[in-house]
Engineer: 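Take this structure, written in structure tokens, and hold onto it; I'll ask about it next.
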Amino acid sequence: MRSLLPLLCLVLAWTKGAGASDPSLPFMVYLDQDHLVCLKWGFDNPQGTIILKVLINTTGWIGFGFSPNGGMAGADIIMGGLGPSGIYFADYYATGNSKPVEDTKQSYTLQSMIESEGQTIMTVQRSIQACDNQDFDITAQPIKLIYAYGTTDEISYHSSRRGTMEVNLLNYMPRTSISNPTYLSASVDNITVPAYHTYYHCKVMNFPSLTTKHHIYQIEPVIENHDIVHHMLLYRCPSFVLQSYDKPCYMGDVGDACFWVVASWAVGGGVFELPENAGIPIGGEDSNIFYRLEVHYNNPNMEAGRIDSSGLRLHYTAQLREHDVGILNTGVLPLSKIEYKIPPNAPQFHTYGICNTTLFSQLVNPVPDLQVFSVLLHTHLAGRKVRVGQFRDGKQIDFLGVNENYDFEVQEIISVGNIRTIKPGDEIVVECTYNTVNRTGVTKMGLATTDEMCLAFLYYYPAIKIASCTSQPNSQFLINSSYPTSSDQAEIAEYQNALNTIPQFQLITDDDDNNTFYTNGIVRELMSTPTVTCNAPSRIMNPAGIVLLLVWIAIM
């Protein structure tokens with residue numbers, strides 16, 4: 001593929017001319033790891049129109065669209081190309097895992113279709129608010145982008161030439177690269193993955209000594225077996241962990257206390273870059289600290305003899321940024337003996353984890369405002385939706401994260417767009433929605449892929465020494481008769497209501513494994529997810545619009 005412009009901030013493009021070749025499309029992202037599929041875009045304002053330019057390394061047909069869950073069913077798709085008879089193009093809607101059908105209303109305007117140097121380049125314009133049940137509204141929340149392409153101009157099955165990525169188109173954070181990159185490697189070394197459906201492997205290690213403080217600015221996954229490596233977490237260990245080891249997780253070892261998240265990756269994700277003004281601190285006074293890499297292997301076929309050396313590259317710099325980044329683990333308390341049963345035959349069952357930040361002051365003083373810029377949402381196979389609400393003085397003021405179409409195979413760290421500020425005393429409520437209609441037995445909270453989790457990892461600055469803030473219903477207040485004994489939906493709803501109204505046991509842990517807890521937490525009711533109101537589209541981007549967009553980005 002010919003060289004493409006690097007991802008540039010619009011400010012740099014304006015002041016230095018680096019993006020002068022296409023100033024109306026200031027944003028760019030690769031949708032695949034091999035840099036064969038590129039998307040560029042620009043818009044005048046979040047209620048107007050958007051231009052999308054798709055560049056794919058093929059001279060056959062290309063397709064691009066928006067999907068509820070990263071798959072075909074329900075997706076809003078455009079397909080086209082430049083064939084022997086000229087340009088072909090249409091707006092489609094996917095009714096299932098089959099060839100899409102043309103929309104009744106063609107909502108995309110083709111601006112150009114070009115073949116150049118082995119690429120097909122499709123440029124389209126559409127309204128940001130589609131107001132069409134066969135098209136997706138583009139909102140300030142992240143949206144799952146899908147692509148596919150063929151090697152000929154006959155639109156047919158794409159085979160493996162497809163992919164998905166979640167991107168916040170209206171609140172994108174462009175970043176520049178740093179020359180002479182250096183990185184630390186956190187990886188397992190030729191381990192044999194056992195023939196278990198779920199296996200967690202842990203490696204406790206320390207890194208080469210960095211005598212002065214540095215900042216991690218990019219986290220790059222290095223995945224050796226994409227079909228079984230499901231997620232990886234790198235934890236910072238408390239000061240009392242002084243020895244390395246390499247063995248199965250959660251066997252009663254001292255490293256089980258390492259739970260301050262430093263870096264993460266999950267299936268469907270790619271390289272994660274932090275904002276230009278923030279980095280994850282490493283080295284300096286903490287240069288002798290140990291870290292625990294946890295790798296979750298999902299091996300449903302229970303294959304034996306698989307060897308793996310996957311891990312994370314932590315790209316770092318001595319050029320310190322303005323803010324230290326922290327990652328706060330919120331949601332339902334994992335690895336707990338407190339019972340939290342999800343009944344079978346439930347089409348929509350909700351679990352809730354709460355975090356009352358008032359309790360932070362018992363472990364950290366003072367507690368600053370926390371500026372949240374990204375979030376990673378996590379459940380397992382039964383998860384269908386995750387929402388993270390923010391409350392102040394008992395009233396919800398915002399969502400810190402929303403995924404209305406959760407997909408276990410697509411878990412990415414996504415930008416929240418405009419920075420969300422958590423003030424001391426705010427409450428965070430993590431809601432997970434599950435579907436267990438195809439299950440005959442109880443689903444419990446746990447590590448296995450067939451168990452469930454409900455977590456939201458909040459990326460924020462400035463970092464404080466709080467590692468996690470999670471909760472579970474205090475089941476001591478749950479009478480035995482509360483649990484449903486049948487698939488009766490009224491009985492399941494009664495149990496759901498009981499879990500939501502009994503006191504929550506809340507646990508807060510700091511970086512040195514000190515704990516504080518509260519036994520009378522309450523679950524506050526989340527508002528409905530905001531919907532889009534249809535307005536008339538405005539004009540497409542012009543020079544004045546670019547200046548307005550510059551100002552808008554600067555104040556994000």
Engineer: Can you name the ring pair (Phe, Tyr, Trp, His ring centres under 6.0 Å) partners of Phe64, sequence neighbours left out?
Structural biologist: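 Expected list: Phe66.
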Engineer: Tell me, please, which residues at least two apart from Tyr196 pass ring pair (Phe, Tyr, Trp, His ring centres under 6.0 Å).
Structural biologist: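 None.
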Engineer: Does Tyr199 have any ring pair (Phe, Tyr, Trp, His ring centres under 6.0 Å) partners at least two apart in sequence or in another chain, and if so, which?
Structural biologist: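 Tyr199 satisfies ring pair (Phe, Tyr, Trp, His ring centres under 6.0 Å) with His201 once adjacent residues are dropped.
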Engineer: Ser239: which residues meet the side chain to side chain donor-acceptor pair (under 3.5 Å) condition with it, sequence neighbours left out?
Structural biologist: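 Ser239: side chain to side chain donor-acceptor pair (under 3.5 Å) contacts with Asp512.
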Engineer: Show every salt bridge (charged side-chain N to carboxylate O under 4.0 Å, His left out) that has at least one partner inside residues 186-203, sequence neighbours left out.
Structural biologist: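 As it turns out, the salt bridge (charged side-chain N to carboxylate O under 4.0 Å, His left out) pairs with a partner in residues 186-203, which skip direct neighbours, are Asp189-Lys203.
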Engineer: By ring pair (Phe, Tyr, Trp, His ring centres under 6.0 Å), which residues pair with Tyr291, not counting sequence neighbours?
Structural biologist: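 Tyr291 satisfies ring pair (Phe, Tyr, Trp, His ring centres under 6.0 Å) with Phe207 once adjacent residues are dropped.
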Engineer: My understanding is that only residues two or more places apart in sequence, or in another chain, count here; which of them pass side chain to side chain contact (heavy atoms under 4.5 Å, CB included) with Ile327?
Structural biologist: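 Only Val261, Phe457, Tyr459 meet the side chain to side chain contact (heavy atoms under 4.5 Å, CB included) criterion with Ile327.
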Engineer: Supply the atom-to-atom distance Arg387 CZ to Cys432 SG, rounded to the nearest 0.5 angstrom.
Structural biologist: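 The SG atom of Cys432 is 11.0 Å from CZ of Arg387, to the nearest 0.5 Å.
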Engineer: Check side chain to side chain donor-acceptor pair (under 3.5 Å) between Thr351 and all other residues, then give those that pass, not counting sequence neighbours.
Structural biologist: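 Thr351 satisfies side chain to side chain donor-acceptor pair (under 3.5 Å) with Tyr434 only.
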Engineer: Is there any salt bridge (charged side-chain N to carboxylate O under 4.0 Å, His left out) pair reaching into residues 248-270, and which pairs are they, with sequence neighbours excluded?
Structural biologist: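 Output for this query lists Lys247-Asp253.
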Engineer: Name all residues meeting the side chain to side chain contact (heavy atoms under 4.5 Å, CB included) criterion together with Ala278; count only those two or more places apart in sequence or in a different chain, and write none if there are none.
Structural biologist: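 By the side chain to side chain contact (heavy atoms under 4.5 Å, CB included) rule, Ala278 matches His323, Val325, Tyr461.
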Engineer: Who pairs with Asp426 by side chain to side chain donor-acceptor pair (under 3.5 Å), at least two apart in sequence or on another chain?
Structural biologist: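 In terms of side chain to side chain donor-acceptor pair (under 3.5 Å), with neighbours along the sequence ignored, Asp426 is linked to Gln390, Arg392.
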Engineer: Not counting sequence neighbours, which residues clear side chain to side chain donor-acceptor pair (under 3.5 Å) with Tyr235? List them please.
Structural biologist: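 By the side chain to side chain donor-acceptor pair (under 3.5 Å) rule, Tyr235 matches no residue at all.
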